[in-house]
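Here's the structure we're looking at; comments come further down.
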There are 2 protein chains.
Amino acid sequence: MDPICNIKKCLYDELQQITLIVAGHNKCRVQTDKENSLKLKVVNIAKMASASDIVFDALRQAIIKGELADGEPLRQDEIASLFNTSRIPVREALSRLEQQGLVRTERYKGAFVAGISTDEVAEIFNFRSLVESTVIAAAVMKIKPGTLAEARDYYEIFSKTQDPMEWGELNRKFHYTLYKDSELPFHLSIINNTLDRVDRYLRAQLTMTDGVPKANKEHLGILQACEDGSAERAADLTQEHILGAKDVLIEFLEKHRRPA
Amino acid sequence: MDPICNIKKCLYDELQQITLIVAGHNKCRVQTDKENSLKLKVVNIAKMASASDIVFDALRQAIIKGELADGEPLRQDEIASLFNTSRIPVREALSRLEQQGLVRTERYKGAFVAGISTDEVAEIFNFRSLVESTVIAAAVMKIKPGTLAEARDYYEIFSKTQDPMEWGELNRKFHYTLYKDSELPFHLSIINNTLDRVDRYLRAQLTMTDGVPKANKEHLGILQACEDGSAERAADLTQEHILGAKDVLIEFLEKHRRPA
DNA sequence: ATTAATTATATTGGATCCAATTTGCAATAT
DNA sequence: ATATTGCAAATTGGATCCAATATAATTAAT
C-alpha cells in the first residue's frame, strides 16, 4: 500500500527506467540516476482518470456515435450500476455533458440525450464551414511534413474501408489531422465540441446513403490543395465540402426523421 | 404542504390571475377561467433553480467579473458553507465550469480559476472577430424595430456612466442586443461562452486605461451601420472593433501581468 | 545542519442514506 | 363514463459519512 515501498520493490526488480503505477493512481516514470543509485525521479505524471471522467467519456462516445437515440432517458441508477459506481460520478458526468449540449436535463425528471432540430443542424454546419475553413487556411501555412502523409493515409483508408461504423471516425480524423498544425487550440476545441453535436447524424447519413464516394473525392481535393500549399483553395474547398454535406444531411434528415 | 390546498387558498384570496409558488418549487401562473369558476390553469412553469445551478451562476459571475483572481483555488468546503449546501452541488457546478473552460481542476488537488495566456487571449479575439462579424451581418437583415432603440439606449448609457464596474456589463449588452435578432442560437451561445473566457481581462483593461471613448466611438459606427441596414459595413466595423480591442488588450496584459 | 522518513492535517473522490418531486395507478365521487 | 382524489413506486437532489491522496509539520538519521 505504501507508495515508497512499491517504488523500491520495482527498482530492485529492474534497475533501468521503468513505468509504474503508484498506489493505483498517478502514473510515474522512474529512473535510476547516473551513478545507478536508487534515487527516483518522477519524470512525468499523467492524471489517472476519475470515475466521473470515465463515465463522461463513455457516455459522450455513445452519444456521438449514435448508440443512444435522441431523447433517450439516461437514468442515473442504470448508468451507475453499469460502471460499478455510485450515482455521484454519474451526475457529474451528466452535468458536464449538459454543459456541452449533448444532454438535456429537467429537474426531478432526469437527463435525456439532446436531439437537435434540422434548423440547428443547418446552423451548426454553417458555423463549421466558417470556422473550419479559417482554421485550415491557418494550418496550411505552417503544415508539418509528416502531417500530409498522415492525412493521405487517412484518406486512403477512408476510401477503402468497408465498415460503415469506421467512416465517421476516419472522416473526423482526416479533417482533424489537417487542422491540428494551425496551432489554434481554442479553435480546435470548439470544432471538436461542435462536431460532437452533429457527428451521429453525419454517420447515419454516410452509412445509409453511401455518401463516401462524394466525401472521398472532396477530401482528395482538400488534401491536394494543402500539398500545394494553397491556403485559399484549401479553405474554399473545405467550405464547399461542409456546406455540401449540410444540404445532403438536411435532405436525409427531413426524409428519415419524424419531426420532434 | 399539499400543493392543491395551497392553490385553493390562493384562489380564495384573489380571484384574478396570480402568480404563486407551489410547495416552494415550481413557479406557476394561475387564472380563473371565463365563468370565474375555481378551475386552475398552469399558464407558465418556470424551472426553479437547483442549488448546483445557483452555485454555478454565482461562480461564473464572480470569475467573469474578475472578482476571483486567476489561479485562485476554489475550495469545495468553503464554497459549500458560503451557499449553505453540501459539497455535492458545488462539485457539479465546478465540473460544469471546467467543461466551459473557466476552471481547471487537478485530481485530489482541487479546482482553480483558469487563467489564460496572452496567446490564447489573442486567439480568442481572432475567433470572436470571425464569428461576431458573421452574426451581426445575419442580424442586420432581420433586425426588429425595437432592437435598434434598445441598442441605442445601451450606447447612450455606456457613454455616460461613470461606474467602471458597469462598463463591462453594458458593453456586452450593447453587442448582444445587436446580435440577438440573427436567430442563430448556436452562434449566440458560442459567443457567450467565448466572451466569458476573456470578459474579466477586457473589464480590467477598460477601467484601467479608460478605453471607453474609443469603444464608444466604434459602437456608434456599428450602430449606425445597423440603422442604415448595411450588413457588410456592420460586419467590417465589428471585425475592426474586436481586432483593435485585441491589440490594446494584449499590450495591456503584457504590461500588467507577470508571466504565468 | 541537512536530508530523509514519519506523522498529522487538509482536501478531494466516492458511497450510502434521506428528502423532495414526479408519475402511474387505483379508488372514489359526480 | 369521466373527472378527481389519494396513494405507491420510481427517480432525482442533496447531506452526511468514509476512503484515498496531497501537503505541511515534525521527528529521526546521517
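Letters A, B, ... mirror the listed sequences (proteins, then strands); counts begin at 1.
- Rounded to the nearest 0.5 angstrom, A/Q76 CD and A/S86 OG are separated by 10.0 Å.
- Test A/L102, A/D196, A/D199 against A/I63 for side-chain contact (heavy atoms from CB on, under 4.5 Å) and you get one pass: A/L102.
- B/R75 has a side-chain polar atom (N or O) that falls below the 4.0 Å cut-off from OP1 or OP2 of C/dT12.
- Between the CG atom of B/D77 and the C1' atom of D/dA22 there is a distance of 15 Å, rounded to whole Å.
- Checked by atom type and distance alone, the side chain of B/S81 pairs as donor or acceptor with a backbone atom of B/E78 at under 3.5 Å.
- Put simply, the side chain of A/Q61 never gets that close to the backbone of A/A58: no donor and acceptor are under 3.5 Å apart.
- Within the structure, a side-chain polar atom (N or O) of B/Q76 is placed less than 4.0 Å from OP1 or OP2 of C/dG13.
- Looking at A/N192 and A/S189, their side chains never bring a donor and an acceptor atom within 3.5 Å of each other.
- Of the residues A/T177, A/L195, A/I191, the one that meets the side-chain contact (heavy atoms from CB on, under 4.5 Å) test with A/R172 is A/L195.
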- Going 5' to 3' along nucleotides 14-19 of chain D, which nucleotides have protein heavy atoms under 4.0 Å from the base (write B), which only from the sugar-phosphate (write S), and which from neither (write -)? BBB---

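- Across the protein-nucleic acid pair, B/D53 atom CG and D/dT12 atom P stand 16 Å apart, rounded to whole Å.
- For A/K109, a side-chain nitrogen or oxygen approaches OP1 or OP2 of C/dT23 to under 4.0 Å.
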